[in-house]
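Okay, so here's the structure we're looking at.
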Amino acid sequence: MTATEPNIDREAMHARYAAERDKRLRADGNEQYLDIVGHFAHYLDDPYVEAPAREPLSDEVLFAFVGGGFAGLLTGAKLKQAGIDDVRIIEKAGDFGGTWYWNRYPGAQCDTAAFIYLPLLEETGHMPTEKYTKAPEILDHCRRIGTHFALYDNAVLSTEVTEIEWDEAAERWIIRTNRGDEMRAKYVGIGTGPLHRPKLPGIPGISDFAGHSFHTSRWDYDYTGGSPNGELMDRLGDKRVGIIGTGATSVQCVPHLSRACGELFVFQRTPSSIDIRNNHAIDPEWFATLEPGWQEKWLMNFTILQTGGFADEDLVMDGWTDISQRIRDRVLANPDQEFTPEAFLRAYHESDDEKMLEIRARVDEIVRDETTAAALKPWYRQLCKRPCFHDEYLQAYNSPTTHLVDTDGKGVERITENGVVVAGEEYELDCIIYASGFEVGTPFERRSGFDMVGQGGLRLSEKWADGMRSLHGIHVNGFPNAFVVGPTQAANLISNVPHNLTEAGETIAMIIARAEELGARRVEVSEAVETAWVERLEAGGRTFGGDPSCTPGYYNNEGGEIADSSRRSSLGFPEGPVAYFAYIDAWRDSGEFEGVDFICDS
Ligand code: NDP
């Protein structure tokens, strides 16, 4: 059957989707993963930088930001642009970069086009070298932002925040860290990222393994040889290596492992969908023709097209915009010109059926061994899991030393002293690499490593016990002068997270500039304003993921029931990202900052 064949047996296809999902449902749902503490704590150690010795700090800054990834860098940069200089980023890693600091596994690269994924390109004057740049270039760009906006000057690195507490009398936040610091700040920002804390699979016997092991977000190049730049991992030539997991991370590093390992065993529970990547170098001459303001234009063009809107041209042209344009074209081709939600849903389903047929056909075109090819085919809708794009992953399975060990949806059975057991067969290994992802849906304070204590001793964990509550995903009643930076309860644009962060940084910078101009002591939102915002989002019901008909994964709480609290925490603006960006732009530009109270001395 080909993608264009009109007689797709949709019923059979969807029955297979349901059967494959059911096979994977587990009673323990999200509880199947291990919290990386105690015996496992070393999996979180920073392999890249040793924390330098220093004396504890007990000083005060105007704005302290927790997290030196894109959220902190963008907010810091926007604050500097707004004339706020006294900014301190506190980061547990040894440098800026966030996810790009930690994830240095071979083959790591951005999955969203660099022209829109890398923030502040015009401000820093950087031209991405490729459409999808590799991780070292992204990490360098993070450092470039840090240098360009002088964010290193006051930064505190290799330092983990343990608690943030509001001092009502002094109207200051007190920030305590694992280095004995007790800093004070008038304002705090929190940008610890949605996929911050690695997780391990709760496989029986996991602590019995006597060989070497690490998580992909803490790649051990001392053991493997090679480097994040893609040089051959020359210490693996005589090694039998197993990698557990076949998500977006594994898809990017398997081709490199395949080239390097004596034998590579890829343990698969659910195959990813692997669409075409089509990466290419950027032509500097062409880049020089871009006019000032191009990045903002590209960002909006992508967001419009990716969320089903109309634009004269597709500037980014990638797998993300392809998905939504297919849907849109189907709706337009509908002879009845029906533009109802039902028509869009039908168009989505039909486009997706077509796309997934193509993706499965691609597996057959590339993978020579029929059994392996069959096991690599994804049987679910493309957006049930993170879509992957790669032009070397499927090809890796044609190597005689690369073995797919498909667990038929059951997962690895057991780990022993010697290796990994699947379906009763033990695979002896020298090294196990956990490509098992990151915590999603666990409590905020567990993922971030600290709690916030707001007015009246109220903890953020208590405040959000029934899910996130905020205005614009930024302000939380009871937590004055505090600002949260993330996609949720705002645009919720998942296909290009930095776009959300850019806007949040801009909003915060404008608010702080106004507060300082007014001589305000506090910036806060009332409970009524916060409730109205949450109710507005709840009425719209636009959340990220959560489709129970999908194959289990972190998008849908492993197929388990989605609690109201989780749903609330993943709400987005009812009319979608484009409308949100227009809304927040107008909200800021009005100069009224409606809903935000600036408390000044009377
Ligand atoms: P994921 O959570 O997507 O993948 C974890 C993998 O581990 C899955 O394949 C999962 O199988 C598997 N697994 C878990 N438990 C077991 C078990 N007991 N036995 C066998 N397999 C098991 O993590 P990733 O790190 O791959 O990706 C996380 C997210 O990070 C992505 O979704 C994406 O948002 C982001 N990312 C972005 C990239 C980019 O933009 N360039 C690159 C890489 C990641 P199953 O699917 O059955 O649960």
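In listed order, ligands and their atoms are each counted from 1.
- In this structure, atom 1 (P) of ligand 1 lies nearest to the protein heavy atom Gly437 CA, 4.1 Å.
- Using 4.0 Å as the threshold, Arg24 has no heavy atom nearer than that to any atom of ligand 1.
- At a 3.5 angstrom cut-off on N or O pairs, Tyr105 does not count as close to ligand 1.
- Judged purely by distance below 3.5 Å, without hydrogens or angles, the side chains of Gln252 and Tyr105 pair a donor atom with an acceptor atom.
- Close contacts of ligand 1 with Ile244, meaning ligand atoms under 4.0 Å from a residue heavy atom, involve 20 (C), 21 (N).
- In this model, a donor atom of one side chain and an acceptor atom of the other lie less than 3.5 Å apart for Tyr101 and Asp46.
- Cation-pi geometry between Arg104 and Tyr48 is met: the NZ or CZ atom falls under 6.0 Å from the ring centre, inside 45° of the normal.
- Contact annotation: Tyr33 has at least one heavy atom less than 4.0 Å from an atom of ligand 1.
- An N or O contact shorter than 3.5 Å is missing between Ile203 and ligand 1 by distance.
- For the residue pair Asp314/Gln325, the side-chain donor-acceptor check at 3.5 Å is satisfied.
- Counting only heavy atoms of the protein, atom 3 (O) of ligand 1 lies nearest to Gly247 CA, 4.0 Å.
- Counting only N and O atoms by type, the side chains of Tyr43 and Ser213 include a donor and acceptor under 3.5 Å apart.
- A side-chain contact (heavy atoms from CB on, under 4.5 Å) with Leu264 is found for one member of Leu429, Leu404, Thr401, Val241 and no other, namely Val241.
- Within the 3.5 Å criterion, the main-chain N or O of Ser495 finds a donor-acceptor partner in the side chain of Thr112.
- Contact between Ser436 and ligand 1 is present, with at least one heavy atom of the residue lying under 4.0 Å from the ligand.
- Nearest protein heavy-atom contact of atom 40 (O) of ligand 1 is Arg386 NH2, 3.2 Å.
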### Message
Between Phe389 and Tyr132, is the ring-ring contact (aromatic ring centres under 6.0 Å, His included) condition met? List the steps.
### Response
CA-CA 11 Å; Phe389 308 90; Tyr132 304 96; 7.7 Å; no
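- You'll find the ring centres of Tyr117 and Phe302 outside the 6.0 Å limit.
- Considering both main-chain and side-chain atoms, Arg269 comes within under 3.5 Å of ligand 1 through a nitrogen or oxygen pair.
- Residue contacts with ligand 1: Thr246 is placed with a nitrogen or oxygen under 3.5 Å of a nitrogen or oxygen of the ligand (distance criterion only).
- Against a heavy-atom cut-off of under 4.0 Å, Pro201 is close to the following atoms of ligand 1: 15 (N), 18 (N).
- Counted by atom type alone, Trp219 and Thr224 present one or more donor-acceptor pairs between their side chains at under 3.5 Å.
- Geometrically, ligand 1 and Arg26 share no nitrogen or oxygen pair separated by less than 3.5 Å.
- By the 3.5 Å distance cut-off applied to N or O atoms, Lys385 is counted among the residues near ligand 1.
- Side-chain contact, Ser258 with Thr402: a donor N or O sits under 3.5 Å from an acceptor N or O.
- Within the listing of ligand 1, atoms 41 (N) sit less than 4.0 angstrom from a heavy atom of Cys110.
- Checking only distances, Trp100 never comes within under 3.5 Å of ligand 1, N or O to N or O.
- In terms of protein heavy-atom proximity, atom 24 (P) of ligand 1 is closest to Thr249 OG1, 3.3 Å.
- Considering each of Ala248, Gly245, Cys253, the one bringing a non-hydrogen atom nearest atom 7 (O) of ligand 1 is Gly245.
- With respect to Glu392, the side-chain hydrogen bond (donor to acceptor under 3.5 Å, both in side chains) criterion is satisfied by exactly one of His256, Arg259, Arg277: Arg259.
- Atoms NE2 and CG, on His141 and Leu120 in that order, are 6.0 Å from each other to the nearest 0.5 Å.
- Considering backbone and side-chain atoms alike, Tyr555 places every N or O at 3.5 Å or more from each N or O of ligand 1.
- Closest approach of Val421 and Val412 over heavy atoms only: O-CG1, 3.8 Å.
- Regarding atom 32 (O) of ligand 1, its nearest protein heavy-atom neighbour is Tyr554 OH, 2.7 Å.
- For atom 38 (C) of ligand 1, the nearest non-hydrogen atom of the protein is Asp111 OD2, 4.2 Å.
- Considering backbone and side-chain atoms alike, Gln109 places an N or O below 3.5 Å from some N or O of ligand 1.
- Contact atoms of ligand 1 toward Gly411: 19 (N), 20 (C) (distance under 4.0 Å to a heavy atom of the residue).
- Protein heavy atom nearest atom 19 (N) of ligand 1, with residue, atom name and distance: Val412 N, 3.0 Å.
- Judged by the shortest distance from any of its heavy atoms, Leu195 lies inside the 4.0 Å radius around the atoms of ligand 1.
- In this structure, the protein non-hydrogen atom closest to atom 5 (C) of ligand 1 is Ala435 O, 3.3 Å.
- When non-hydrogen atoms are compared, ligand 1 lies under 4.0 Å from neither the backbone nor the side chain of Ser217.
- In this structure, the ring of Phe581 has its center less than 6.0 angstrom from the ring center of His499.
- Cation-pi contact between Arg360 and Trp379: present, with separation from the ring centre below 6.0 Å and deviation from the ring axis of at most 45°.
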